[in-house]
Chemist: 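Encoded as structure tokens, here's the structure I'll be asking about.
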Amino acid sequence: MEIFVIISKNRPPVYYRRSFGGIRLNIFKYSSDNKRYHTLYYYNMQKFGKRVYKAPINAGFTCPNIDGAKGTGGCIYCDGGSGYFTDSDQIPITEQLAHQIALIHEKHPDAGINAYFQSYSNTYAPVEVLRERFEPVLQFKDVVALSIATRADCLSDEILDYLSQLSARTELSVELGLQTVHDKTAEIIGRGHTYKEFLEGYYLLKEKGIRTTVHIINGLPGENEEMMLRTAYQLGRLRPDGLKIQLLHVIKGTKLNQMYNNGEYIPMSMSDYVSATVKQLEYIPPETVIERITGDGDKSKLTAPMWSKNKIAVLGAIDKLQVQTDSYQGKYYTDK
Ligand code: SF4
């Protein structure tokens with residue numbers, strides 16, 4: 001598909017695509033469906049020529065914020081390190097993966113698979129343990145990519161070397177949970193590491209040329225829109241390969257749920273979330289892939305906000321506000 005661009009004075013560039021159906025207009029360069037942000041769908045189609053779905057795996061790791069190394073309670077919203085869709089860690093990894101692939105292929109028989117080590121901190125163990133758990137998934141013929149979720153303070157030199165080797169063998173993404181650049185908020189949520197520590201880990205990954213995706217959360221306790229935009233602005237300047245934007249969910253059984261019940265925490269409204277997210281995208285470089293733009297939690301455990309259950313409505317509201325405000329990813333991004 002051929003892309004050509006028309007630039008007018010004082011207007012954003014407009015991208016046209018010449019395809020079999022004629023000429024289509026796109027306001028945003030990295031889009032084939034009029035999205036104004038760089039979707040994972042677009043990235044995967046360019047990279048693999050097909051849809052790729054994540055197969056979540058619980059590999060039985062823990063987290064320094066849980067086992068006592070940094071803390072014992074975990075982050076106030078933690079319900080298993082985001083492992084909402086994984087199978088039990090009692091099931092062998094290869095069985096979990098085979099099960100997840102079968103579920104995906106039921107609906108999308110030709111899809112590629114991204115083996116996603118999701119639960120807890122998946123580099124928090126000796127490198128030999130990592131090898132034992134990661135290597136078998138690469139033997140699956142449908143696995144075209146590997147994603148490893150972890151914390152920036154769980155990256156030893158040995159582990160970085162191994163990740164670098166893995167990165168040379170497959171499409172590897174290391175996903176770092178940052179959530180916010182504000183250390184004051186990090187203390188409130190009990191994240192257990194500072195922004196400075198995050199930066200150290202992030203730069204080590206970048207030095208090794210490892211694809212890195214960063215997670216941020218909107219609606220953290222004590223944060224206003226200005227603080228959320230600051231997080232996006234600083235992150236944009238780091239030029240991550242991928243970004244996941246998440247809404248803070250109140251999940252049953254967490255400390256955040258107690259705070260919510262006591263009236264100490266009020267979740268974001270949908271309009272505030274949509275507005276903040278649209279503005280955040282303006283500070284993110286167009287090349288960064290937006291791998292998630294709204295929450296995706298376990299609905300049966302959700303206490304609030306209930307509007308987040310309707311993911312399609314949230315995505316639609318983001319698209320609509322971008323059009324209404326002539327907004328698009330990278331609108332205000334500058335590397336100066
Ligand atoms: S870093 Fe992740 S796994 Fe660890 S306590 Fe926080 S949310 Fe849970």
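Position 1 is the first residue of the sequence; numbering continues from there. Counting starts at 1 for both ligands and their atoms, in listed order.
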Chemist: Measure Arg151 to ligand 1 on non-hydrogen atoms and call it side chain, backbone, both or neither using the 4.0 Å cut-off.
Modeler: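 The side chain, only.
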Chemist: Quick one: is the NZ or CZ of Arg51 closer than 6.0 Å to the six-membered ring centre of Tyr43, and within 45° of its axis?
Modeler: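 No; the conditions do not both hold, so Arg51 does not lie above the ring face of Tyr43.
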Chemist: Which is closest to atom 4 (Fe) of ligand 1 in terms of heavy atoms, Cys63, Gly192, Gly190?
Modeler: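 Heavy atom nearest to atom 4 (Fe) of ligand 1 belongs to Cys63.
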Chemist: Give a yes or no on whether Cys75 keeps an N, O or S atom under 2.8 Å from atom 4 (Fe) of ligand 1.
Modeler: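 Given the 2.8 Å cut-off, Cys75 does not count as a ligand of atom 4 (Fe) of ligand 1.
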Chemist: Using a strict threshold of under 4.0 Å (side-chain N to carboxylate O), is an ion pair present between Arg211 and Glu291?
Modeler: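 A salt bridge links Glu291 with Arg211.
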Chemist: Supply the atom-to-atom distance Leu243 CG to Leu281 CG, rounded to the nearest 0.5 angstrom.
Modeler: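 Answer for the CG-CG pair, Leu243 versus Leu281, is 7.5 Å.
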Chemist: Which atoms of ligand 1 sit under 4.0 Å from any heavy atom of Tyr120?
Modeler: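 Taking each heavy atom of Tyr120 in turn, ligand 1 has 3 (S) under 4.0 Å.
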Chemist: Hey, do the aromatic rings of Tyr328 and Tyr37 have their centres closer than 6.0 Å?
Modeler: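 No, the ring centres sit 6.0 Å or more apart.
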Chemist: For Gly74, counting its heavy atoms only, list the atoms of ligand 1 lying under 4.0 Å from any of them.
Modeler: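 Near Gly74, the atoms of ligand 1 are 5 (S).
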Chemist: Measuring centre to centre across the rings, with the benzene-like ring taken for any Trp, is His249 within less than 6.0 Å of Tyr77?
Modeler: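 No, the ring centres sit 6.0 Å or more apart.
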